[in-house]
Amino acid sequence: MSEQMLKVPFFHASLGEAEKKAVCDVIDSLWLTTGKVTQGFEEDFKSFIGAKYAFAVNSNTSGMILAMDACGVKPGKAVITTPYTFVSTAACAVHLGAEVHFADIEKNSYSIDPEKIEDILKKDTNHEICAIVPVHIAGNLCDMEKICALAKKYSTPDNKIYVIEDAAHSFPSKTARGYAGVLGDVGVFSFYVTKTITTGEGGMITTNDDALAKRIQTMRMHGMDRTAWDRYTSPRASWEYDIVECGYKCNLPDILSALGREQLKRANLFYEQRKKIVEVYNTAFKTCDFIHLPPDGEGNAWHLYLIRLDPEKLDCDRNAFARELQAEGIGISMHFIALFKFSYWQKRYPDFTAENYPNAAEHTDNTISLPLWPEMTDEMVNLVISTVKKLGEKHRKTGN
């Protein structure tokens, strides 16, 4: 359905005059690629979350490749992650030549189950696993204390197991131990257009580890020992540089970083606006017995609002319910389609089936993401609520 036909879009980025001016200032400067504005964005971001290092990248995916590379993900190694995620989380390990082991999610949340992680680690007698990659779905954080403890427990002198947070959904999630992105060894954020702050496309890698930071910085730009900003603004000749590694090209240009710096200033405001909408949703839906409310743990950033339908209460499946929401003008999405649903992963791992990951399968089949963005009006929020309730009553099974 086109956005013009939607009464309530699934998402609208919150952009204003400040973002326009910041982008125009970069254009006027004539320096459009990675330069002083991106450096400023990195400084602002690491100061915000309390990280020692922050590296702006052109996507969460490229950031995840850099993070995994720094943590030793390569042929002969493997990572543990969840089947309940976007494809890039696992695909990045494959791009680096590694294998992927999947641990099911918890029964009543979308988070990877630490007990299932440990089941895999116990079988890793060859010490091939070098990283655990928890994914903070919808802004609700995984149990990082347990996951980090497992990584430490099963590390050996010859094989450190790193914890790489896929923090694409979790800015600005904060716990008593700190912000997401610094709870493990390295964190990777997304600034895609639908995220809590946006640069259109882009991301950020954060870490407190000096060695990881050095590797990430080197590999981010072709393995070059000097940045373009340094080469063309320093008195030293621009052609005097060395290639010290076979790196990638993952840098974020100033024209996008300009958006990010302005968005970062309003990150807490955006969070408070989303939280108010969530409170209205929760109050309205808590009496609907055909809906499981989204989990809400410490530090929840409320990036997405996920409702899980109870198939025992309804005479239609999730897909039919979702289509009717769209027909009523409500923009929705699905987070996520578990990776075992896709033909590539089925062919790569024949035992990667719904039967072996029952919690991820159940959540995949029954979850819908409702609109949640800072500038939703009261009328929009109420229309989403009334439409969901109306369809719930329409499809209520006889006797329920």
Side-chain angles (χ1 to χ4, degrees), residues 1-15 84-88 110 137-140 168-169 190 192-196 198 200 270 273-274 276-295 302-343 354 360-397 400:
M1 178 179 290
S2 69
E3 187 169 302
Q4 290 75 15
M5 298 172 63
L6 290 174
K7 299 172 184 175
V8 185
F10 175 66
F11 185 83
H12 266 177
S14 298
L15 301 171
Y84 201 89
T85 183
F86 187 61
V87 64
S88 61
Y110 296 88
I137 303 294
N140 192 54
H169 288 191
S190 172
Y192 182 65
V193 66
T194 60
K195 298 302 188 288
T196 55
T198 186
F270 293 158
Q273 291 172 319
R274 291 193 307 275
K276 287 180 180 179
I277 295 168
V278 167
E279 289 170 356
V280 176
Y281 275 161
N282 282 345
T283 299
F285 293 139
K286 68 181 179 181
T287 57
C288 297
D289 63 355
F290 62 93
I291 289 174
H292 297 281
L293 295 182
W302 288 113
H303 164 49
L304 299 170
Y305 192 86
L306 311 182
I307 60 169
R308 184 157 52 95
L309 303 180
D310 186 341
E312 299 298 320
K313 301 290 184 181
L314 301 172
D315 65 7
C316 69
D317 63 14
R318 187 278 311 275
N319 289 350
F321 198 100
R323 290 189 190 98
E324 290 196 40
L325 279 173
Q326 288 183 317
E328 294 277 354
I330 307 300
I332 54 92
S333 190
M334 306 296 180
H335 296 87
F336 283 103
I337 302 170
L339 300 187
F340 50 70
K341 294 276 190 177
F342 297 115
S343 57
E362 193 274 332
H363 284 54
T364 293
D365 290 345
N366 295 303
T367 296
I368 300 174
S369 302
L370 297 181
L372 177 61
W373 38 281
E375 295 170 358
M376 285 181 70
T377 64
D378 292 344
E379 290 77 15
M380 289 178 175
V381 175
N382 289 330
L383 181 58
V384 173
I385 291 168
S386 63
T387 305
V388 170
K389 285 186 172 183
K390 180 177 71 174
L391 294 179
E393 290 305 312
K394 174 184 175 181
H395 290 288
R396 181 177 295 280
K397 285 182 178 178
N400 283 323

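Because the structure is predicted, anything quoted here is derived from the model rather than measured.
Note on D317 versus R323: no salt bridge recorded, every NZ/NE/NH1/NH2 to OD/OE distance being 4.0 Å or above.
For the atom pair NZ of K313 and CD1 of I291, the computed distance is 12.5 Å after rounding to the nearest 0.5 Å. Between the SG atom in C288 and the CD1 atom in I307 there is a gap of 9.0 Å [rounded to 0.5 Å]. Of the inter-residue distances, the one linking N366 atom CG with M334 atom CE reads 10.5 Å to the nearest 0.5 angstrom.
Nearest heavy atoms, I332 versus A322: CD1-CB, 3.9 Å. Of all the heavy atoms in R318 and L309, the pair that sits closest is CA-CD1, 4.0 Å. When all heavy atoms of M380 and P9 are compared, the pair lying nearest together is CE-CD, 4.5 Å. When every heavy atom of W302 is checked against every heavy atom of P295, the shortest pair comes out as CH2-O, 4.0 Å. Scanning all heavy atoms of the two residues, the minimum distance from F10 to S369 falls at CE1-O, 3.5 Å.
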Set out, in order, the CA-CA distance, both residues' side-chain angles and the distance that settles side-chain contact (heavy atoms from CB on, under 4.5 Å) for H169 and L304, then state yes or no. CA-CA 8 Å; H169 288 191; L304 299 170; 3.7 Å; yes

Run the numbers on L370 and V8 for side-chain contact (heavy atoms from CB on, under 4.5 Å), then give the verdict. CA-CA 10 Å; L370 297 181; V8 185; over 6 Å; no

Is there a side-chain contact (heavy atoms from CB on, under 4.5 Å) between H335 and T367? Walk through the geometry before answering. CA-CA 7 Å; H335 296 87; T367 296; 5.9 Å; no

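Judged by distance alone, with hydrogens and angles left aside, the side-chain atoms of K397 form a donor-acceptor pair with the main-chain N or O of P311 at under 3.5 Å.
Residues forming a side chain to side chain donor-acceptor pair (under 3.5 Å) with T85 (at least two apart in sequence, or on another chain): T89. Not counting sequence neighbours, the partners of R308 by the salt bridge (Lys or Arg N to Asp or Glu O under 4.0 Å) test are E362. For F86, the ring pair (Phe, Tyr, Trp, His ring centres under 6.0 Å) test picks out no residue, with sequence neighbours left out. For R396, the side chain to side chain donor-acceptor pair (under 3.5 Å) partners two or more places apart in sequence, or in a different chain, are D289, E393. T364 meets the side chain to side chain donor-acceptor pair (under 3.5 Å) test with no other residue; sequence neighbours excluded. Residues that satisfy the side chain to side chain donor-acceptor pair (under 3.5 Å) test with Y192, not counting sequence neighbours, are absent from this structure. The salt bridge (Lys or Arg N to Asp or Glu O under 4.0 Å) check on E375 picks up nothing, with sequence neighbours excluded. With sequence neighbours left out, H363 forms a ring pair (Phe, Tyr, Trp, His ring centres under 6.0 Å) with Y110. The salt bridge (Lys or Arg N to Asp or Glu O under 4.0 Å) check on E324 picks up K394, with sequence neighbours excluded.
Under the side chain to side chain contact (heavy atoms under 4.5 Å, CB included) test applied with V381, the options I385, V384, D378, T377 reduce to a single match, I385.
Proximity of I330 to V388: side-chain heavy atoms (C-beta onward) are nowhere separated by under 4.5 Å. Counting only heavy atoms from C-beta outward, the side chains of T196 and F270 never approach each other to under 4.5 Å. Side chains of L306 and N140 form no contact here, defined as non-hydrogen atoms less than 4.5 Å apart.
Residue pairs meeting the side chain to side chain donor-acceptor pair (under 3.5 Å) criterion with at least one partner in residues 381-391, sequence neighbours excluded, are E328-K390.
Ring geometry for F11 against W373 counts as perpendicular: the plane angle is over 60°, on a 0 to 90° scale with 30° as the lower cut.
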Between side-chain atoms of residues 277-287 and protein atoms elsewhere (two or more places apart, or another chain), which donor-acceptor pairs fall under 3.5 Å?
unit_1, atom_1, unit_2, atom_2, d
Y281, OH, P371, O, 2.8
N282, OD1, Y305, OH, 2.7
T283, OG1, E279, O, 2.9

